[in-house]
Amino acid sequence: MRTIFLRILAFVFLHLFLAIAIVNAADGPLLKPIQVASHTYFVQGLAEMGSSKNQNFISNAGFVVTPKGVVVIDALGSPALALNLIKEVQKVTSQKIVAVIVTHYHADHIYGLQEFKKIGAKIYAQNEGRNYLSSETAKQRLIASRIDFSPWVDKNTQLQAADIWIDQSYSLTVGGIDFKISRAGPAHAPEDLMINVPSEGVLFAGDLVFRGRIPFVGNADSKGWLSALDRIEGMSPKIVIPGHGSVSTNPVEDIQFTRVYLKYLRQSMSTAAVNMDPFEEAYKQTDWSEYEGMPLFRAANRMNAYNVYLSIQSE
C-alpha cells in the first residue's frame with residue numbers, strides 16, 4: 001500500500017514539475033526584440049535544430065511599428081512562440097498587430113500564424129503557398145511536428161492559409177509606411193517573398209539569406225536562389241534581416257556567404273550529377289573543410305548536397 005502511495009505521489013510531482021516547466025518556458029526570455037531601424041525590430045532564432053527544448057525557435061521574425069498598426073514578418077515555429085512575440089510587440093507599442101507577411105511556408109516560420117489570426121491580423125503570402133498547404137508533405141510534417149515539438153506544437157496547431165494571396169508583387173501601406181512585397185521564388189522555396197521597407201532602409205529576405213549557420217537547401221531551386229540574391233543586392237538595402245542569423249548592415253558582404261555556399265554545392269555536385277556518377281563518391285571527394293565547423297553542418301550539409309545533386313539532374 002505504501003509503495004502504491006509513493007508511486008502516485010511521484011507521478012503527481014512529476015506532472016506538477018512538467019506543468020511548471022512548461023509555464024516557465026512559455027513565459028521565459030526566449031525572444032528579445034532588437035531594434036535595427038527607427039521603427040523596425042526583429043527577434044533572432046537559435047542556430048540549432050528545432051526541438052521541444054527550444055520550442056522550435058530556430059528562425060527569425062520581425063515587425064515594423066506604424067502610427068496605424070504593426071506589420072509582422074513571419075510567425076515563428078510554434079503557437080507558444082507567436083504568443084510570446086505578440087507580448088514583446090505589446091511592450092514596444094500600444095498599436096495593434098494588423099498584418100503578418102509570410103516569407104515562405106516552411107514550418108519554422110508559420111506554425112505561429114493561428115495566434116495572429118486570432119487577434120485579427122490579416123495574413124499575406126505568395127500564391128504558391130496554396131500548393132504547400134494542400135500537399136501531403138505539409139500534412140505529414142505537421143503530424144511529425146506534433147511529436148517532435150510537443151507540447152508547443154500539438155493537436156490544436158493548424159496550418160493557416162493567407163487572407164491575401166500575392167502573385168508577383170504587392171504594395172501594402174500601413175500608417176504611411178510602404179511595404180514593397182515581391183516574389184523571389186522559386187528559390188529557397190517556390191513561394192519565397194521578400195519585403196522591402198524603403199523608408200526604413202530595411203529588406204526582410206526570409207530564407208534567401210542565412211548568416212552564421214549552414215543554410216537549409218531542402219528542395220530549393222539553387223539557380224533561382226542565386227538569381228534572387230542578385231536581385232537583393234541590386235536593390236541596395238542598407239539593412240537585411242535574414243531568415244536565420246544576425247542582422248546584416250553590410251548586405252553586399254554578408255549575402256556572399258549564402259551565394260558562395262550555393263555555388264560550391266553546385267560546383268561540387270555538377271559533374272557527378274550530369275554523368276550520373278554515384279552521389280556518395282562525389283560527396284566523399286569534396287573538401288568541406290571551410291564549412292564543417294559551422295553550426296548545423298552535420299545536420300544539413302549532406303542533405304543539401306544530395307538535393308542539389310538531384311536538382312541538377314532535372315535542370
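For this chain, numbers begin at 1 and follow the sequence in order.
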Exercise. Restricting to pairs with a member in residues 46-95, which pass ring pair (Phe, Tyr, Trp, His ring centres under 6.0 Å), not counting sequence neighbours?
Worked result: Y41-F63
For this session: For residues 143-158, pull every pair meeting salt bridge (Lys or Arg N to Asp or Glu O under 4.0 Å), keeping only residues two or more places apart or in separate chains.
Result: none
For this session: Please find out if less than 6.0 Å separates the ring center of Y309 from that of F279.
Result: yes
For this session: For N275 and A272, indicate whether the former's side chain and the latter's backbone hold a donor-acceptor pair under 3.5 Å.
Result: no
Seminar exercise, completed: Per side chain to side chain contact (heavy atoms under 4.5 Å, CB included), T103 is matched among I195, I241, N60 by I195
For this session: Just grab all the salt bridge (Lys or Arg N to Asp or Glu O under 4.0 Å) pairs involving residues 108-118, residues at least two apart or on different chains.
Result: E115-K118, K117-D163
For this session: Please report the C-alpha distance between R183 and D192 in whole Å, then the side-chain angles of each, then the deciding distance to 0.1 Å, and finally whether the side-chain contact (heavy atoms from CB on, under 4.5 Å) criterion is met.
Result: CA-CA 6 Å; R183 186 183 183 191; D192 284 315; over 6 Å; no
Exercise. How about D207 and H106: does a side-chain donor come under 3.5 Å of a side-chain acceptor?
Worked result: no
For this session: Evaluate the criterion side-chain contact (heavy atoms from CB on, under 4.5 Å) for residue pair W225 and T258; output intermediate values, then yes/no.
Result: CA-CA 9 Å; W225 193 341; T258 306; 3.9 Å; yes
Exercise. Between Y291 and Y261, does the ring centroid distance fall short of 6.0 Å?
Worked result: yes
Using distance only, find each side-chain donor-acceptor pair of residues 122-132 under 3.5 Å and give its atom names and separation, not counting sequence neighbours.
| residue | atom | partner | partner atom | Å |
| --- | --- | --- | --- | --- |
| Q126 | OE1 | E128 | N | 2.6 |
| Q126 | NE2 | I166 | O | 3.3 |
| Q126 | NE2 | D167 | O | 2.9 |
| E128 | OE1 | N131 | ND2 | 2.8 |

Problem set entry | Partners passing side chain to side chain contact (heavy atoms under 4.5 Å, CB included) against S182 (at least two apart in sequence or in another chain) | M194, R231
For this session: Identify, with sequence neighbours excluded, every residue that meets side-chain hydrogen bond (donor to acceptor under 3.5 Å, both in side chains) alongside Q140.
Result: E136
